[in-house]
2 protein chains.
Amino acid sequence: MSRSGSSKRSAKPSKPSYILDDQIGFILRQVWQRHAVIFGREIGINVTSTQWAALSKLAETGPCSQNLLGRLTSMDVATIKGVIDRLTARGLTETCRDPDDGRRLLVSLTRLGQQMAEKAAPNAAVITKETLAPLDANERETLMALLSKLR
Amino acid sequence: MSRSGSSKRSAKPSKPSYILDDQIGFILRQVWQRHAVIFGREIGINVTSTQWAALSKLAETGPCSQNLLGRLTSMDVATIKGVIDRLTARGLTETCRDPDDGRRLLVSLTRLGQQMAEKAAPNAAVITKETLAPLDANERETLMALLSKLR
DNA sequence: TTCATTTCGTTTGTATACGAACGATGTTGC
DNA sequence: GCAACATCGTTCGTATACAAACGAAATGAA
């Protein structure tokens, strides 16, 4: 029942026509920010969501070249390098040259990294659940399906 | 018709159970990345999506304190400062102290900034449309409604 | 084999993004 | 009027994020 929006009494308020808050890009950023807050509160092992992407993907695939890991986690080559550098500095990952291909840098989880991945996996599932908590089961499924089309 | 997923023949593949690619956080990042590509290609005035958020919100509201502008665009105080610094350095915005409140920094669009905002607004609408192009009209509406619940 | 092409990793530069600490300024309770 | 409190802007440090340029290594075609 809100007023029609672009008119206030009989004045001419220059019809905005582009409202930032209605744009998908802006909404995506806000939803992402909310997710980041939930992530930081729940993950429990002092890693960022980006670092967690690398960790959990390594746990899924096993040792993997830095470049492939970047593609699997949708990270730029420069970004994945920084992430792996920091994870390695903290002893969660380690690297060695691929003996079969001198260009590749093989990345693997250390024992500590595996422990962390196992410890945080349940928390990560909780994060997903909490992020979607405002939606019911049907809505969650619908949202995931629609977002997947926009990847 | 893919196999049930966590079983391969009769072996025990350690049931992954946490698959990064199925998590809302990871999907959100990918959708955001795709949007960023479309944005960069279509906006037409050499600003980032963050800078565009500040510009278009200023065009909506008129002059505004840096702090409020940050809240309206969902930016941290440090982030909005950097954005306004760069926009001001390029002559798209200008700032002055609020005469009514010595703490506030009033931010406003320059004439050039207004021209840019007017020039880019149609492109920004196209960006929204292109981002949602894989969906039909019903799906678009559903997605926006669901995402809005997660803000 | 040799050269063009591709792939991989690194580095640099710019732009978010945010926590934390700080000083300056306003407001409020008393 | 003043002391506690809140707000605003700035700065620092860390962590993505990506374009662009570069060298090393592998691959393919001639």
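So that the names make sense, note that chain A is the first sequence line, chain B the second, and so on, each numbered from 1.
Residue Asn46(A) contributes atom CG, which lies 13 Å from atom P of dT14(D) at whole-angstrom precision. Taking atom CD of Gln66(B) as the reference point, atom P of dT7(D) lies 17 Å away to the nearest angstrom. One can place CZ of Arg71(B) at 18 Å from P of dA17(C), the figure rounded to the nearest angstrom. Going from atom NE2 of His35(A) over to atom P of dA17(C) covers 16 Å, rounded to whole Å. Straight-line distance from the CD atom of Gln51(B) to the P atom of dT14(C): 14 Å, rounded to whole Å. Atom-to-atom, CG of Asn67(A) to P of dT6(C) comes out at 16 Å; the value is rounded to the nearest Å. Atom pair Arg41(A):CZ and dC18(C):C1' shows a separation of 16 Å (rounding to whole Å applied). Residue Arg104(B) contributes atom CZ, which lies 5 Å from atom P of dC8(D) at whole-angstrom precision.
With sequence neighbours left out, the salt bridge (Lys or Arg N to Asp or Glu O under 4.0 Å) criterion links Asp22(A) to no other residue. Taking the salt bridge (Lys or Arg N to Asp or Glu O under 4.0 Å) definition, one finds that Arg103(B) meets it with Asp101(B), sequence neighbours left out.
At least one donor-acceptor pair under 3.5 Å links the side chain of Gln33(B) to the backbone N or O of Ser74(A). In this structure, Glu130(A) contributes its side chain and Ile127(A) its backbone to no donor-acceptor pair below 3.5 Å.
Taking for each of Thr48(A) and Leu105(B) the nucleotide of DNA chain D with the nearest heavy atom, the 5'-most of the two is the partner of Leu105(B).
Other residues sharing a hydrophobic cluster with Val77(A) under the 4.5 Å side-chain heavy-atom criterion for ILVMFWY residues do not exist; the residue is a singleton.
Between Arg29(B) and dT16(D), a side-chain N or O to OP1/OP2 separation shorter than 4.0 Å is absent.
Remark: Asp76(A), Ala78(A), Thr79(A), Val83(A), Arg86(A) in residues 73-94 of chain A come within less than 4.0 Å of DNA chain D through at least one heavy atom.
Listed nucleotides dA17(D), dC18(C), dG9(C) differ in distance to Thr50(A); the shortest reach to its side chain belongs to dA17(D).
Note on Asp85(B) versus Lys81(B): salt bridge recorded, some NZ/NE/NH1/NH2 to OD/OE distance being below 4.0 Å.
Ring centroid separation for the pair Trp32(A) and Phe39(A) does not come in under the 6.0 Å cut-off. Under the 6.0 Å cut-off for aromatic ring centres, Trp52(A) and Tyr18(B) qualify, their centroids lying closer than that.
Here the side chains of Arg104(B) and Arg97(B) are not in contact, with every heavy-atom distance at 4.5 Å or above.
The structure places CD1 of Ile27(A) at 6.5 Å from CG of Leu147(B), a figure rounded to the nearest 0.5 Å.
The bend of the helix from dT1(C)-dA30(D) to dC30(C)-dG1(D), defined by the angle between the axes of its first five and last five pairs, stands at 20° to the nearest 10°.
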- Message: With side-chain contact (heavy atoms from CB on, under 4.5 Å) as the criterion, how do Ile84(A) and Leu69(A) come out once you've worked through the C-alpha distance, each side chain's angles and the decisive distance to 0.1 Å?
- Response: CA-CA 10 Å; Ile84(A) 294 303; Leu69(A) 184 59; 3.8 Å; yes
- Query: How does protein contact run along nucleotides 24-29 of chain C, one letter per nucleotide 5' to 3', with B for base contact, S for sugar-phosphate only, - for none, heavy atoms under 4.0 Å?
  - Reply: -BS---
